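One structure is given below, encoded as structure tokens.
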Amino acid sequence: MSEQLSDRYSPQEVESKIYEAWESAGYFKAEDQSTKPPFSVILPPPNVTGFLHMGHALDHTIQDVLIRWKRMLGFNTLWLPGSDHAGIATQAVVEKNLRQEGKDRLEMGREAFLAEVWKWKKTYGDRIYSQMKRLGDSVDWDREVFTLDEDVSQAVKKVFVHLYKKGWMYQGEKLVNWSPPLQSAISDLEVVHKDTKGHLYHLSYSIEESDEKIIIATTRPETFLGDACVCVHPDDSRYKDSIGKNVVLPITGRKIPIIADEYVDQDFGTGALKVTPAHDFNDYELGKKHNLQFINILNVDGTLNENGGPYQGLKTQEARKQIVKDLEEKGFLVKTEPHQHAVGYCDRTGAVVEPFLSKQWFVKTKDISTPARHVVSNETIKFIPEQWTKTYIHWMNIIEDWCVSRQLWWGHRIPAWYCDDCGGVTVVEEDPSSCEMCQSKNIHQDEDVLDTWFSSGLWPFSTLGWPNETEALKTFYPTSVLVTGHDIIFFWVARMIMMGLEMKGDVPFRQVYIHGLIRDSQGRKMSKSLGNSIDPVEMIDKYGADALRFTLMAQMATGKDLKFSLQRLEGYRNFMNKIWNATRFSLSNLEGFEVPVEGINATVPSSSLTTADQWLIYQTGLVEKEVNEALEGMQFSEAANRLYSFVWHEFCDWYLEFSKPILYGQDEQQKKTTQLVLAQTLNRIVRLLHPFAPFITEEIYSKLPIRSEACIVADYPEYEKDQKWLSLGSKESSFEMELVKAVILAIRNIRGENSIKPSEKISVWLSPQDDKSQKILGSNKSEIMRLSSLVECYVESRESLKKCAVTPIRIDNSVIDVVIPLEGLVDIEKEVDRLNKQIDKQQKDVQKLKGKLSNERFVANAPEEVVESDRQLLATLVSQVEEMQTALERLSN
RNA sequence: GGGCCCUUAGCUCAGUUGGUUAGAGCGCUACCUUGACAUGGUAGAGGUCAGAGAUUCGAGUUCUCUAGGGCCCACCA
């Protein structure tokens, strides 16, 4: 205990040491079988080659707080870490890298390329994990899983086959969202629609065997190459006679019919619509309905194919320019008007997405989404905050079939084999040697891989050993809570719910806590391209992990986005330092303190406790109760802020100041008592703070006289279970302390307002107007003197004093006049002004309250207690005004 | 076009079932190096809770509308 602590807390010196100690002691490990109640959280797997950003820091801190809290409460906690292969993102990074070395994926071939990706994964796969350790994540590393691990791959295949057999996984030649740079299909969710300025081109198509023309309007003129018909509304008088005739397409001269369908909006454009079934989702539906020709004009790379005629080889954008030019020259372009419309972009590459006809695998969502919707609407799964329930259900209502095949190499290969002889498809879990239909050996596997989110969707059970009925699965599924951002509710949360219900027959988690996104101080999204992202590891290096965690938690209120502020971070760094110094002070004054054998259960007779002791213990109880309640309700900022103000403004500001005279004094008996209170309270504070600030609390805990094995596995203080200690405090003592504090504040206020220097010692008369106050003041006189720098303090009435500042204090029914003679000390006029101002302000409140109480309906309708407390308040205010008026007189006389 | 959210002190934000005189941090002003901490202490200034209406004895808190800002979903060519 005599160990010297430095006067500043330096996280750099303790954090890594502490983390290693936790890990090697095995504190993070969950038990597959346990008598303890389970509490499990599956970490949203970060991109394996990614690095920790502020969003992760927030997401992880929330989970770690919950896990540490529950662990201390005695739960069998599992926080399961893992990482995601992130198909597109990782493949893109590796490809880019190879290109710089002059290598090309296609030239290398599948196997060689995948070897490169695995090499990359091995090099960078641990980076994110070491960053998680810096944050303090108490995950069970022994259970770490990667989405491409053998077990997970088996689970993926099993699910695929299961869905296939059920008819819910099917292959179809459909119009999909195609990303030309990726040369792959992407799902609806991976398309972001942005309003884009474009043009509405009016093209003139001539009607066959006549001089008539029909004008159509389009935003994508190049697609005319794939037009299958022109469509008008059957009731449109302008075009009635044209229906059934053919038009001749410009440039190519190809002939297509004019048909009618009520789908067409007569008021938009010219009321005549060109239909390109292979390149537009609406046209696709029309094409199916009217059995139209599907003319694909694109190659996989987004260039025009042989159907593009003279434009073959050009990219769509280039082709558009050229075609507009040509049409204009030949007189087919009637007019061009500016037009804003939604254009789909690939969220990975930013390229314009092309609707593209191709053969893909789809998950039929109709049947699988119904139960997934129900479990949320009937609150088997609860979203926090609730508002996301609506969003989720809305999406579930409009969900389309999910395109899960990707024309990539990095990912789970689709377990489908095609027969070169009979053309049959074999979908099985184990690689087959022959075709299921004709037994031919000439089979080859589907070249494509699955959408990354397909394997992510299985994460809550695939990570626990499924399809084997493992103990872990029995113990920890369904998991307790899923913590994530709202940006992946559809991508991930919804898919996990669907898959969990289908494969496990139960929800994957009971609660979904949706937090906001981290923004910069100006409210912009943090992004690499804006250059405004803040590296959490850098912040940890500079301010410590605890400060960063506390900053995030103190702001984590409603699930709203939160702005990250360095000033705030600095403030919580200071808070950590405050805790450190409070400990330093305490420990230096605990020298010679004998640790009681009962340890944390040791008490003293309540009669030996000072007012401040009892007050502190009472406050400790309140904090224990409130913090647990806040955490129970996922009110993280509530919990963090409550702890902040308790530690700083109650423990440090008042209790430690009150303890000084005793600790520095000669009364050994009293000193012992205070030391016990100090040791007991510090222990509780450290445990309460641990989930939020694990490193500093563990470090401090190891130096405390009263402690157990380690803070991380110590009991979390709970009001009900801590009664042996907490019952030493009382509401009554708390009241006494409030009275003493009020007296001290009143004196300090006068000093401060009148700029009476601390060095200038003054005398004060305290005039209690009842016996109770008299007693309280008498027993706390020395503390009052010390904390307000008094040279003399008389607890007695002295009406004869002149030119005094008088501050009336009233708490409950106790009234005290604090009387300070000011003659010779200050400008009396100034004090008169100050008092007058206060009286004015107070009188306004009195008027307001009087009005309220004279309202008969208020008195008649409001609950008795509300009326009563208002009456008392009014009485207090009125008497305070009177007393201040008296004070004014005494000041001037 | 549909849906969700936000607007409270100079700044960033708390304020979950409506009820004492609306809070915090930072910043600001004044004073203070007092034996844990200047990453500190003490005191202070600063708000008609975006606006209007409604419900209620009572609204920052519930409802409606308006203004401003943000987000999500959506095939009008």
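First the proteins, then the strands, lettered A, B, ... as listed; each starts at 1. Since the structure is predicted, the reported quantities are computational estimates derived from the model, not experimental observations.
- Residue A/Gln635 is in base contact, counting any heavy-atom pair closer than 4.0 Å across all strands shown.
- Remark: A/Lys671 engages A/Glu668 in a salt bridge (Lys or Arg N to Asp or Glu O under 4.0 Å) (not counting sequence neighbours).
- The ring pair (Phe, Tyr, Trp, His ring centres under 6.0 Å) check on A/Tyr205 picks up nothing, with sequence neighbours excluded.
- Positionally, the nearest nucleotide of RNA chain B for A/Arg8 lies more toward the 5' end than for the other of A/Trp395 and A/Arg8.
- Considering only residues two or more places apart in sequence or on other chains, A/Tyr239 meets the ring pair (Phe, Tyr, Trp, His ring centres under 6.0 Å) condition with none of them.
- No hydrogens or angles considered: nothing links the side chains of A/Ser869 and A/Gln872 as a donor-acceptor pair under 3.5 Å.
- Comparing the P positions of B/A30 and B/A45 gives a spacing of 15 Å, expressed to the nearest Å.
- The stretch residues 568-579 of chain A touches RNA chain B through A/Arg568, A/Arg573, A/Asn574, A/Asn577, A/Lys578, each having a heavy atom within less than 4.0 Å of the strand.
- Ionic pairing of A/Lys741 and A/Glu738 is present here: one or more N-O contacts between side-chain nitrogen and carboxylate oxygen are shorter than 4.0 angstrom.
- Taking the P atom of each, B/C63 and B/G3 are spaced 16 Å apart, rounded to whole Å.
- Spacing between B/A36 and B/A22 at atom P, rounded to whole Å, works out to 37 Å.
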For this session: Start with the C-alpha gap between A/Lys703 and A/Glu699, add the side-chain angles, then the distance that decides, and say whether salt bridge (Lys or Arg N to Asp or Glu O under 4.0 Å) holds.
Result: CA-CA 7 Å; A/Lys703 300 180 190 309; A/Glu699 174 70 8; 3.5 Å; yes
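- Separation of the C1' atoms belonging to B/A54 and B/U61 is 16 Å when rounded to the nearest angstrom.
- A/Tyr263 comes within 4.0 angstrom of a base, heavy atoms only.
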Please table the atom pairs, donor to acceptor, closer than 3.5 Å between any side-chain atom in residues 846-855 of chain A and protein atoms at least two apart or in another chain.
residue, atom, partner, partner atom, Å
A/Lys852, NZ, A/Asp870, OD2, 3.1
A/Ser854, OG, A/Lys850, O, 3.1
A/Ser854, OG, A/Gly851, O, 3.0
A/Asn855, OD1, A/Arg857, N, 3.0

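- Atom name C1', nucleotides B/G2 and B/C76: the rounded distance is 15 Å, in whole Å.
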Listing time: all N or O pairs from protein to nucleotides 17-21 of chain B that are below 3.5 Å?
none

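- Taking the salt bridge (Lys or Arg N to Asp or Glu O under 4.0 Å) definition, one finds that A/Lys660 meets it with A/Glu657, sequence neighbours left out.
- Residue A/Tyr9 contributes atom OH, which lies 19 Å from atom P of B/C37 at whole-angstrom precision.
- Taking the charged nitrogens against the carboxylate oxygens, A/Glu285 and A/Lys289 have no contact shorter than 4.0 Å, which rules out a salt bridge.
- For A/Asp653, the listed nucleotide lying nearest its side chain is B/U42; candidates were B/U42, B/G25, B/C72.
- Closest to the A/Tyr664 side chain, of the nucleotides B/A14, B/G27, B/A36, is B/A36.
- For A/Glu657, whose side chain is taken as the heavy atoms from C-beta onward, the closest listed nucleotide among B/G25, B/C37, B/A77 is B/C37.
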Any protein N or O atoms within reach of nucleotides 3-5 of chain B? Criterion: under 3.5 Å, listing atom names and distances.
residue, atom, partner, partner atom, Å
B/C4, OP1, A/Lys390, NZ, 2.9

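- Of the candidates B/C57, B/G41, B/A74, B/C57 carries the atom nearest the A/Arg857 side chain, counting heavy atoms from C-beta on.
- To the nearest angstrom, C1' of B/G44 lies 16 Å from CZ of A/Arg751.
- Atoms CG and CG, from A/Asp188 and A/Asn177 in turn, are 5.5 Å apart once rounded to the nearest 0.5 Å.
- Regarding A/Asp561, its CG atom lies at a distance of 12 Å from the C1' atom of B/C72, rounded to whole Å.
- Under a 3.5 Å cut-off, the side chain of A/Thr223 and the backbone N or O of A/Thr276 do not form any donor-acceptor pair.
- For A/Asn749, the side-chain atoms get nearest to B/A43 when compared with the rest of B/A77, B/A43, B/A36.
- For A/Glu638, the listed nucleotide lying nearest its side chain is B/G15; candidates were B/G15, B/G35, B/A77.
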Problem set entry | Secondary-structure notation, RNA chain B, from Watson-Crick and G-U pairs under 3.5 angstrom (| other strand) | (((((((..((((.....[...)))).(((((.......))))).....(((((..]....))))))))))))....
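- One interatomic measurement links the two molecules: CZ of A/Arg786 to P of B/G35, which rounds to 10 Å at whole-angstrom precision.
- In this structure, A/Tyr572 has its ring center at least 6.0 angstrom away from the ring center of A/Tyr543.
- Remark: C1' of B/A24 and CZ of A/Phe646 are 18 Å apart, rounded to the nearest angstrom.
- Taking atom C1' in both B/C32 and B/A38, one finds a spacing of 11 Å when rounded to whole Å.
- Put simply, CZ on A/Phe585 is 14 Å from C1' on B/G40, counting in whole angstrom units.
- For the C1' atoms, the distance linking B/G53 with B/U17 amounts to 25 Å, nearest Å.
- A/Gln567 places its CD atom 13 Å from the P atom of B/C13, with the value rounded to the nearest Å.
- Once rounded to the nearest 0.5 Å, the distance linking CD1 of A/Ile685 with OG of A/Ser586 reads 8.0 Å.
- One finds no side-chain N or O of A/His486 lying less than 4.0 angstrom from the OP1 or OP2 phosphate oxygen of B/G70.
- B/C75 and B/G15 have their C1' atoms separated by 44 Å, with the value rounded to a whole Å.
- As judged by a 4.0 angstrom heavy-atom cut-off over every strand, A/Leu745 is placed among residues touching the sugar-phosphate backbone only.
- For B/A45, its base never sits under 3.5 Å from the side chain of A/Glu753 at any donor and acceptor pair.
- For A/Phe383, the ring pair (Phe, Tyr, Trp, His ring centres under 6.0 Å) test picks out A/Tyr392, with sequence neighbours left out.
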Taking distance alone, no hydrogens or angles, what donor-acceptor pairs closer than 3.5 Å link side-chain atoms of residues 194-202 of chain A to residues at least two apart or in another chain?
residue, atom, partner, partner atom, Å
A/Thr196, OG1, A/Lys194, O, 2.9
A/Thr196, OG1, A/Tyr345, OH, 3.0

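- At B/A77, one or more side-chain N or O atoms of A/His339 fall inside 4.0 Å of OP1 or OP2 (strictly under the cut-off).
- Taking the side-chain hydrogen bond (donor to acceptor under 3.5 Å, both in side chains) definition, one finds that A/Asp7 meets it with nothing, sequence neighbours left out.
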